[in-house]
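As a basis for the values below, the full set of heavy atoms in this structure was taken, side chains included, without hydrogen atoms, waters or symmetry mates. The sequence lines fix the lettering, A, B, ..., with proteins before strands; numbering per chain opens at 1.
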Amino acid sequence: MPELPEVETIRRDLIDYVKGKKIKSVTILNKKTVRNKAVFFVNYLRNRKIIEINRRGKLLIITLEKKKKEKENKFLLIHLKMTGQLIFVQGKKSIAGGHSLSKESFSKAVGGALPNKHTRVIFTFVGNSFLYFNDLRLFGYLEIVSSEKVEQIKVNNYGPEPLSSDLTVSYLKTLLKNRTSCIKALMLNQKIIAGLGNIYVDEALFLAGIKPQRPGKSLKTKEIERLIISINSVITKAIDNRGTTFNNYVDSHGEKGNFTKLLQVYGRQGEICFRCGKIIEKCRLAGRGTHYCPNCQK
DNA sequence: GTGTTTGTTATCAA
DNA sequence: CTTGATAACAAACA
């Protein structure tokens, strides 16, 4: 379940691995994964370099090379949704049929050598390296779009990024002041704050000492201040620890995230609160499993 | 066979 | 138009 810290970890890795590399060929193993016409997608990417790798919320935005005759760059959007993985493999010189790499870390996380049965798209780079897009549940997608469309998506679909100066107390205050839905649902809304998902919303609300059931408009200024500090703190620590692996997430070399063992409430229902010793509870809010301490969170 | 996992969008209602 | 609530998507696992 990649959220902002997991996508950011992958983004940083991909900058090291594929930025500046030229795509030699693309193989689509599942047509549903690619939102463009398959022929266009494959032909457009062939012999084109990766220029930049950016992120907005949980969406990866890859800038593609502009050829001489073309007016502007296009962009490759990649959304991992629930179970998407992007795994980079540096192949050995001259191998025939498949590659194996440092198997140990890998075999558990993605089911052994690549490609596997969940591999949906394969990028082959000049220099015999590979980027595999795996996606068990087929919710994720890849799409080539114009610069106009990218700008549209960035502005219309996403609120301020955590860790950015745009996420201010006054912003959140005005947005929450008339909202009757619970703060948990509002924090999951990408148009209010970009990049948070089920895990980090629960963790941030615990840190802030706010019950997830509280209506948005019931939050006091002090609580909104605490909430923003908590969001930034949990996101920073999660990025530092290369994300959280609960089910499916692995980074671009198939390794799990280290934040899992630092979780305070997510997945800890029935266990003891590290802060007060009471039992962590779980309920359902906004259709999502929601974990909280009934004593620490008011 | 049943319930559970969740990012996002579609749909319907108010 | 905005907001909120819920289902749907899809596959695997306990």
| Of the listed nucleotides dT4(B), dG4(C), dG7(B), the one nearest the side chain of K282(A) | dT4(B)
| query | When hydrophobic residues are tied together by side-chain contacts of less than 4.5 Å, even through go-betweens, does I183(A) share a cluster with V265(A)? | reply | no
| message | Using a 4.0 Å heavy-atom cut-off, does K117(A) contact any base of the nucleic acid, only the sugar-phosphate backbone, or nothing at all? | response | sugar-phosphate
| request: Return the 5'-most residue of the pair N157(A), M82(A) with respect to DNA chain B, ranking by each residue's nearest nucleotide. | output: M82(A)
| note | Comparing N178(A) with R120(A), nearest DNA chain C nucleotide closer to 5' gives the residue N178(A)
| request: Please report, rounded to the nearest Å, how far the C1' atom of dT9(B) is from the NZ atom of K58(A). | output: 13 Å
| Cluster link L163(A) to I224(A), ILVMFWY, side chain under 4.5 Å | yes
| query | Rounded to whole angstroms, how far apart are NZ on K191(A) and P on dC1(C)? | reply | 13 Å
| Expressed in angstrom and rounded to an integer, what is the separation of I193(A) atom CD1 from dG7(B) atom C1'? | 16 Å
| Has F139(A) got its ring stacked on dT8(B), by the test of a centre gap below 5.5 Å and a plane angle below 30°? | no
| task | Rounded to the nearest angstrom, tell me the gap between atom CG in L77(A) and atom C1' in dT8(B). | result | 15 Å
| message | Output the rounded distance in Å from CG (L4(A)) to C1' (dT6(B)). | response | 17 Å
| request: Ignoring hydrogens and angles, tell me if any N or O in the side chain of R56(A) forms a donor-acceptor pair with the backbone of L60(A) under 3.5 Å. | output: no
| request: Measure from the side-chain heavy atoms of R288(A) and tell me the nearest of dT4(B), dA8(C), dA12(C). | output: dA8(C)
| said: Can you see if the side chain of Q190(A) gets near the phosphate of dT8(B) - specifically, an N or O under 4.0 Å from OP1 or OP2? | reply: yes
| Yes or no on side-chain hydrogen bond (donor to acceptor under 3.5 Å, both in side chains) for D251(A) and T9(A), after CA distance, side-chain angles and deciding distance? | CA-CA 7 Å; D251(A) 67 19; T9(A) 299; over 6 Å; no
| task | Looking at every strand, decide which applies to Y266(A) at a 4.0 Å heavy-atom threshold: base, sugar-phosphate, or nothing. | result | sugar-phosphate
| field | Among dA11(C), dG4(C), dT6(B), the one nearest N198(A) by side-chain distance | value | dT6(B)
| Can you tell me if the side-chain N/O atoms of K81(A) get under 4.0 Å from OP1 or OP2 in dT6(B)? | no
| request: Whole angstrom is fine here: how far is it from NZ in K184(A) over to C1' in dG4(C)? | output: 17 Å
| request: Using the six-membered ring of F274(A), assess whether NZ or CZ of R268(A) lies under 6.0 Å from its centre and within 45 degrees of the ring axis. | output: yes
| Of the listed nucleotides dT8(B), dA12(C), dT6(B), the one nearest the side chain of L136(A) | dA12(C)
| request: Output the single nucleotide from dT6(B), dG7(B), dA12(C) whose closest atom is nearest the side chain of L188(A). | output: dG7(B)
| Do the rings of F88(A) and Y17(A) sit parallel, tilted or perpendicular, given the 30° and 60° boundaries? | parallel
| Sugar-phosphate only, base, or nothing, as touched by G140(A) at under 4.0 Å among non-hydrogen atoms | nothing
| Length of the line joining Y249(A):OH and dG7(B):P, which is rounded to integer Å | 14 Å
| task | Provide, to the nearest angstrom, the distance between the NZ atom belonging to K32(A) and the P atom belonging to dT9(B). | result | 13 Å
| query | Contact class for T180(A) (heavy atom, under 4.0 Å): base, sugar-phosphate, or nothing? | reply | sugar-phosphate
